[in-house]
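Presented below is the structure to which this report refers.
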Amino acid sequence: IVASVIALESSDDLGGARGTSAGGRIQILNGLSAAEELLVLAHEWAHELLHRADDRPASRDTRELEAEAVAFVVGETVGLDTAAAARDYIHLYRGDSQALAASLDRIQRAAAVILNAVNVGG
């Protein structure tokens, strides 16, 4: 995983989503709290880091599990209480201990890239 330049945009309407990512561009819904914005950004950034290469998991459930797990790690590391929301989202995408264990290395690497960038930038 290599950090790359990703355009960040805000939007008043994302069709019900709080954030989206598409090939080098992340959009975040306007009006989110700072904590929500950070978590959505971490989730979408994880998609950019993990799911734009040849090793992209075929399963949408796996991709969402990985992105939300990264957002959880980032949020908890900076002191946000994200457990309940992350648990519900991960369960929605069939996340269980076996699925998390299978993606643990990818989750850890993406979270490290994001936290390093946040730390360097902050």
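Because only heavy atoms are used, hydrogens play no part in the values below, and waters and symmetry mates are left out as well, while side chains stay in. As the structure is a computational prediction, the values presented were derived from the model and not from experiment.
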(request) First locate atom OG of S11, then atom CD1 of I28, and finally report the distance between them rounded to the nearest 0.5 Å. (result) 10.0 Å
(message) With a 4.5 Å cut-off on side-chain heavy-atom distances among I, L, V, M, F, W and Y, is there a chain of contacts connecting I6 to L8?
(response) yes
(request) Would you check if there is a donor-acceptor pair between the side chains of H43 and E64 at a distance under 3.5 Å? (result) yes
(request) State the CZ-CD distance between R18 and Q27, to the nearest 0.5 angstrom. (result) 15.5 Å
(message) Count I, L, V, M, F, W, Y as connected when their side-chain heavy atoms are under 4.5 Å apart, and connections chain through other members. Are V74 and L100 then in the same cluster?
(response) yes
(request) Taking all heavy atoms of A42 and all of A71, pick out the closest pair and write down the distance. (result) CB-CA, 3.9 Å
(message) Nearest 0.5 angstrom please: L39 CG to E68 CD, how far?
(response) 7.5 Å
(message) Rounded at 0.5 Å granularity, tell me how far CZ in R106 sits from CG in L65.
(response) 10.5 Å
(message) Within the 4.5 Å heavy-atom criterion, are D105 and R109 side-chain neighbours or not?
(response) yes
(message) Tell me whether Q108 at atom CD has more than 12 heavy atoms from other residues, nucleotides or ligands lying less than 6.0 Å away.
(response) no
(request) Of all the heavy-atom pairs spanning L29 and A17, show the shortest one and how long it is. (result) CD2-O, 3.9 Å
(message) Counting C-beta onward and ignoring hydrogens, is there a side-chain heavy-atom pair between V78 and L38 closer than 4.5 Å?
(response) yes
(request) Report, as yes or no, whether the 6.0 Å neighbourhood of atom CD on Q98 holds more than 12 heavy atoms from other residues, nucleotides or ligands. (result) no
(request) Check the pair L49, V70 against side-chain contact (heavy atoms from CB on, under 4.5 Å), reporting the backbone distance first and the verdict last. (result) CA-CA 11 Å; L49 292 170; V70 169; over 6 Å; no
(message) Rounded to the nearest 0.5 Å, what separates atom NE2 in H51 from atom CZ in R60?
(response) 11.5 Å
(request) Check A46 against I114 and note the closest heavy-atom contact, atom names and distance. (result) N-CD1, 4.0 Å
(request) Under the salt bridge (charged side-chain N to carboxylate O under 4.0 Å, His left out) rule, collect the residues that match up with E48, sequence neighbours excluded. (result) R52
(message) Return the CZ to CD distance between R25 and E44, rounded to the nearest 0.5 Å.
(response) 11.5 Å
(message) Donor-acceptor check, side chain of R63 to backbone of H47, threshold 3.5 angstrom: yes or no?
(response) no
